[in-house]
Amino acid sequence: MSDNTIARNKSMTRFDQHDSVWLFGYGSLIFKADFPFIERRPAHIVGWSRRFWQGSHDHRGTVQAPGRVVTLIRDEGATCAGMAYLITPEVFDHLDYREKNGYLRLATDILFEDGSCTEGLIYIATEENAAFLGPAPECDIARQIAGAEGPSGRNADYLLGLAVALRELGKDDPHVFEIERHLQLLGEMNAEKDKDAT
Ligand code: SIN
């Protein structure tokens, strides 16, 4: 089920009077920055792990065949690498719309590679939201992703785009790379089947 969070995010006025604020992206916000930003820097957050546990009914899937996109799960001691963007509060409207299926703005500490830290924003889809799908084996997640497509394109391209972006950042994420491996295996199996059928 989809879950429109635009109105709830509008009531999060914490950074509205700031000239600029850091936004930390850990999913498509790493590889698809379709918004104006002043500066961007690789960064990480602590106590969270990235998981393909959020349903996508509006971007990378449909209500009938939802895709899976990433959210953050509390994980003590873990770090999640991504990209931080310095934005102005005018950009919130665009981001709230883009992240409207279950994601809420949350203030959190963002750590930069030079050791400095600032308070900024993340968009997070918690398990309370109606579009949350929760855990599943990585091979099943890959199968679901392989079969999903929505207005923003193939769900597989979201996964592959994220994996490429993490490699470019020099960061490991066993969950993401394991799903990517299963997706590649599925592609190879389908290619074999097509060959046998001809
Ligand atoms: C993010 O990228 O930070 C949020 C999740 C997404 O849009 O993929």
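One-based numbering, in listed order, for ligands and for the atoms of each.
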What are the polar N/O contacts of ligand 1 with the protein below 3.5 Å, with distances?
| from | atom 1 | to | atom 2 | distance (Å) |
| --- | --- | --- | --- | --- |
| ligand 1 | 2 (O) | Gly27 | N | 2.8 |
| ligand 1 | 2 (O) | Ser28 | N | 3.2 |
| ligand 1 | 2 (O) | Leu29 | N | 2.9 |
| ligand 1 | 3 (O) | Tyr26 | N | 3.0 |
| ligand 1 | 7 (O) | Ser28 | OG | 2.9 |
| ligand 1 | 7 (O) | Glu99 | OE1 | 2.9 |
| ligand 1 | 7 (O) | Glu99 | OE2 | 2.9 |
| ligand 1 | 8 (O) | Ser28 | N | 2.8 |
| ligand 1 | 8 (O) | Ser28 | OG | 3.1 |
| ligand 1 | 8 (O) | Tyr158 | OH | 2.5 |

Pairs satisfying side-chain hydrogen bond (donor to acceptor under 3.5 Å, both in side chains), at least one member in residues 77-91, at least two apart = Thr88-Glu90

Residues that Asn4 engages under side chain to side chain contact (heavy atoms under 4.5 Å, CB included), provided they are two or more places apart = Ile6, Lys100

From Leu23 CG over to Ile110 CD1, what is the distance, rounded to the nearest 0.5 angstrom?
-> 7.0 Å

Is any NZ, NE, NH1 or NH2 atom of the basic residue among Arg74 and Glu127 found under 4.0 Å from an Asp or Glu carboxylate oxygen of the other?
-> no

Residues 35-44 vs side-chain hydrogen bond (donor to acceptor under 3.5 Å, both in side chains), sequence neighbours excluded, gives Arg41-Asp114

Do Arg60 and Asp157 meet the salt-bridge criterion of a basic N to acidic O distance under 4.0 Å?
-> no

